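Notes for the one structure printed next.
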There are 2 protein chains.
Amino acid sequence: MALNEAASKPIAVCSAVDLVAVLAAVTGGQPRVMTIRDGAALPSGPFELDDRSLQSGLRAWVERQTGHPLGYVEQLYTFADRDRAAEGSARRVISISYLGLTREESAKGAGNAGWRNWYDYFPWEDRRSGPPAFLEKAIVSRLRGWAKAADDAAKRRERAERLAISFGLDDSPWNEELILQRYELIYEAGLVEEAVRNGDRDTPAAIPGRPMLADHRRILATGIARLRAKIKYRPVVFELMPPTFTLLQLQRAVEALAGLLVHKPNFRRLIEQHDLVEDTGTTASDTPGRPAKLYRFRRAVLAERAVAGTKLPLTRS
Amino acid sequence: MALNEAASKPIAVCSAVDLVAVLAAVTGGQPRVMTIRDGAALPSGPFELDDRSLQSGLRAWVERQTGHPLGYVEQLYTFADRDRAAEGSARRVISISYLGLTREESAKGAGNAGWRNWYDYFPWEDRRSGPPAFLEKAIVSRLRGWAKAADDAAKRRERAERLAISFGLDDSPWNEELILQRYELIYEAGLVEEAVRNGDRDTPAAIPGRPMLADHRRILATGIARLRAKIKYRPVVFELMPPTFTLLQLQRAVEALAGLLVHKPNFRRLIEQHDLVEDTGTTASDTPGRPAKLYRFRRAVLAERAVAGTKLPLTRS
DNA sequence: TCAAAAGTGTTATCCTTACACCCATGT
DNA sequence: ACATGGGTGTAAGGATAACACTTTTGA
């Protein structure tokens, strides 16, 4: 590293840069992610110099692939740690990752590309029917063992605390946003195939959850975490919905993303209170039970609300 | 762009990558940012391949430079738009930017490096004594002119709306987090030197606020925006405070960052309620008025609270 | 005594949470 | 009738915002 203060023009050091996309959708009540290589990797490729910008290039590429406009794109993170290389060669790569939201629909992924339920990769993150049965035995108890196995007492305490917070043990509530922290804990403990590949441990039995190439699973976790956080303060769920939808469909989408169940009456009020939707006048009829009103996203909110929500007790005047 | 699904190994396309740091501190009741080249640029330099990771490399560099531990580092954004090159050569550079927080103290910036009040670059962002006098004439009225000058009606409406929201006109409240949006509006309207340099407009009189090289001012705005947002939901202010401090000092630091005044009694209650600080038993004596208790940050909160704060109405059980 | 800052009390309001309940449709 | 989902009412509790006020020091 040389952040030289007096640097004239930066020297033209060169690195391989690639782009990685976490493309999310919701269908059939499940959260989906676009994958390639038969589910083993996220879509990615070299960053070419003639793009207008990273974001617009990514958008164009996705729209070409899926035939659908990408509703929303945001940069996720840029990874550059050495231990990313992973696969033999110590080649250093910089990965710039993006999160994109789309309505799945015609998921005409060419070749071996396709949409997968993202809980295939993180089965412990789906708590819509309560904590999964395997969690305690296959994960938590082994992490407890790992925490106890640290060298000194301080480290043991620290690990135990991270474990409790990440997985919502001992009075800590489960926090669905901590998906990356949970993955990293499991990784550090050597319980995922990716960690084993990197030679950090000898070969323990892998835990439930499908691995991915390189660090794509970490990137996916980063994307899910961002989305789980964002749905709480920005109206991004709507990017994943069809043009019109019932409030229950909307709720199911939120639940799919969060991996948690939501309180129906209060959810409806929340949506209505914030004026996020408007009535279309029509009702959905093909469903069981009483027909539900169909709503559409009130796109005006995107402009109206810069949102943000104060948290500082300001003085008036 | 070629996010080829079937990509075997990405081709070794090469780009120049550099790191840019937004280092923030608070002293003398003012927010500071570390600059080089006599205040014209942010510290930056080429990214070298032998670093362990971006973050740790940046941390090491800063600690060497300032002699102080960097309390907090986070990645800001990776810029790669073509129009960044700006300065003659169409050379494409990728800039990975970071936000770092430190206690200024011995700001022994070597050479022409040093701490600057960040409102030198964004004078309209400091509203601690109300909206600055020049705002209406030097900025808002000219932006209104720019909004009216758009080609078609739709674009005029869109510009007027962005203007109203960004600058808190027509019933919209001022939102201190929108600093980047405000800067981009001013940039698009051709009112900053940086835009003129890029040849977007002929030469209008520049508005108050010091320009920077390349797009460093945009990066700085990104950093300030992140920090202004983050102090509301994470205890990061404390990274900028001395080991012990009074509640008024803490309040002044928050005000300096936000560019807004805070309601004292309610601020104190907020801090205490959340158990963010603990009493040291000592009091500050050298100040005017009644001596204030000195507090210290309760570092335990970093571990205890994964924080997050639900916004979804979950079902119990 | 006054200025300056520390610090406390109290209220109105809003938002969130939880619980209870009724409504409309198809089988 | 009953299952399924749609939809409303309301009350308790907590957080926030606003106002008014007392306390402690140094000059």
Side-chain angles (χ1 to χ4, degrees), chain A residues 29 128 173-175 231-233 244-256 258 260-296 305 307-317, chain B residues 29 128 173-175 231-233 244-255 258 260-295 305 307-317:
Chain A
R128 286 175 292 176
W174 173 265
N175 181 340
I231 50 173
K232 291 180 183 167
Y233 62 95
T244 72
F245 46 84
T246 70
L247 290 183
L248 185 60
Q249 284 167 352
L250 183 64
Q251 178 182 340
R252 294 292 179 234
V254 168
E255 290 173 333
L260 289 173
L261 293 181
V262 150
H263 187 276
K264 180 155 67 170
N266 290 340
F267 177 77
R268 309 172 84 91
R269 274 185 279 250
L270 189 73
I271 299 296
E272 285 161 1
Q273 205 175 29
H274 293 266
D275 278 322
L276 294 177
V277 296
E278 62 193 3
D279 207 318
T280 62
T282 50
T283 58
S285 49
D286 52 342
T287 93
R290 171 174 168 180
K293 285 193 206 159
L294 283 169
Y295 294 86
R296 91 170 62 83
R305 314 252 175 83
V307 82
T310 174
K311 192 69 172 153
L312 299 174
L314 302 178
T315 52
R316 293 197 326 119
S317 87
Chain B
R128 286 174 293 176
W174 173 264
N175 182 338
I231 51 173
K232 292 179 181 167
Y233 61 95
T244 72
F245 48 84
T246 70
L247 290 183
L248 186 59
Q249 285 167 352
L250 183 64
Q251 180 182 339
R252 293 293 179 231
V254 169
E255 290 173 333
L260 289 171
L261 294 180
V262 151
H263 187 276
K264 179 153 70 170
N266 289 342
F267 177 77
R268 310 172 84 89
R269 274 185 279 247
L270 190 74
I271 300 296
E272 285 161 0
Q273 206 176 27
H274 292 238
D275 277 322
L276 295 176
V277 297
E278 62 193 3
D279 207 318
T280 62
T282 50
T283 59
S285 48
D286 53 342
T287 93
R290 170 173 168 179
K293 287 194 204 158
L294 284 169
Y295 293 87
R305 312 251 177 83
V307 84
T310 176
K311 191 69 173 154
L312 300 175
L314 301 179
T315 52
R316 295 197 324 120
S317 87

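By convention in this document, chain letters (A, B, ...) are assigned in the order of the sequence lines, proteins followed by strands, and residues within each chain are numbered from 1. Since the model is a prediction, treat every value here as computed from it, not as a measurement.
In this structure, the CG atom of B/Leu314 is 11 Å from the C1' atom of C/dT17, given to the nearest Å. Taking atom NZ on B/Lys264 and atom C1' on D/dA20, their separation rounds to 15 Å, with Å as the unit. Between A/Tyr295 atom OH and D/dG7 atom C1' the separation is 9 Å, expressed in whole Å. C/dT16 atom P lies 13 Å from atom CZ of A/Phe267, rounded to whole Å. Between the C1' atom of D/dA17 and the CG atom of A/Leu312 lies a distance of 13 Å, rounded to the nearest Å. If you take CG of B/Leu250 and C1' of C/dG7, they are 16 Å apart, rounded to a whole angstrom. As rounded to whole Å, 8 Å separates atom P of C/dC19 from atom NE2 of A/His263. Between B/Arg268 atom CZ and D/dC19 atom P the separation is 19 Å, expressed in whole Å.
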Contact state string [nucleotides 21-27 of chain C, B base, S sugar-phosphate only, - no protein heavy atom under 4.0 Å]: --BBB--
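Scanning all heavy atoms of the two residues, the minimum distance from A/Ala284 to A/Pro291 falls at O-CB, 3.3 Å. When all heavy atoms are compared, the tightest approach of B/Asp279 to B/Lys293 is OD2-CD, 3.1 Å. A/Gln249 and A/Thr244 get closest at one heavy-atom pair: OE1-O, 4.4 Å.
Under the rule for a side-chain contact (heavy atoms from CB on, under 4.5 Å), the partners of A/Ala253 that lie at least two apart in sequence or sit in another chain are A/Val26, A/Val237, A/Met241. Among residues two or more places apart in sequence or in another chain, the side-chain contact (heavy atoms from CB on, under 4.5 Å) test is passed with B/Pro265 by B/His263, B/Arg269. Residues passing the salt bridge (charged side-chain N to carboxylate O under 4.0 Å, His left out) test with A/Glu272, sequence neighbours excluded: none. Contacts of B/Thr282 classified as side-chain contact (heavy atoms from CB on, under 4.5 Å), with partners at least two apart in sequence or in another chain: B/Thr280, B/Leu294. Applying the side-chain contact (heavy atoms from CB on, under 4.5 Å) criterion to B/Gln251, with sequence neighbours excluded, gives B/Leu248, B/Glu255, B/Val262, B/Lys264, B/Phe267. Under the rule for a salt bridge (charged side-chain N to carboxylate O under 4.0 Å, His left out), the partners of A/Arg128 that lie at least two apart in sequence or sit in another chain are A/Asp126.
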Stepwise side-chain contact (heavy atoms from CB on, under 4.5 Å) test for B/Leu276 and B/Tyr295: CA-CA 10 Å; B/Leu276 295 176; B/Tyr295 293 87; over 6 Å; no
Full working for side-chain contact (heavy atoms from CB on, under 4.5 Å) between B/Leu260 and B/Trp174: CA-CA 10 Å; B/Leu260 289 171; B/Trp174 173 264; 4.1 Å; yes
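Axis angle between the ends of the helix from C/dT1-D/dA27 to C/dT27-D/dA1, five pairs each and rounded to 10 degrees, works out to 10°.
Heavy atoms of A/Leu247 sit nowhere under 4.0 angstrom from any nucleic acid atom.
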Would you list the protein and nucleotides 10-15 of chain D atom pairs, both N or O, that sit under 3.5 Å from each other?
{"from": "D/dT10", "atom 1": "O4", "to": "A/Arg269", "atom 2": "NH1", "distance (Å)": "3.4"}

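Taking only side-chain atoms of A/Thr246, from C-beta outward, the nucleotide of D/dG6, C/dA20, D/dA20 with the closest atom is D/dG6.
A/Lys293 has no side-chain polar atom (N or O) that falls below the 4.0 Å cut-off from OP1 or OP2 of D/dG6.
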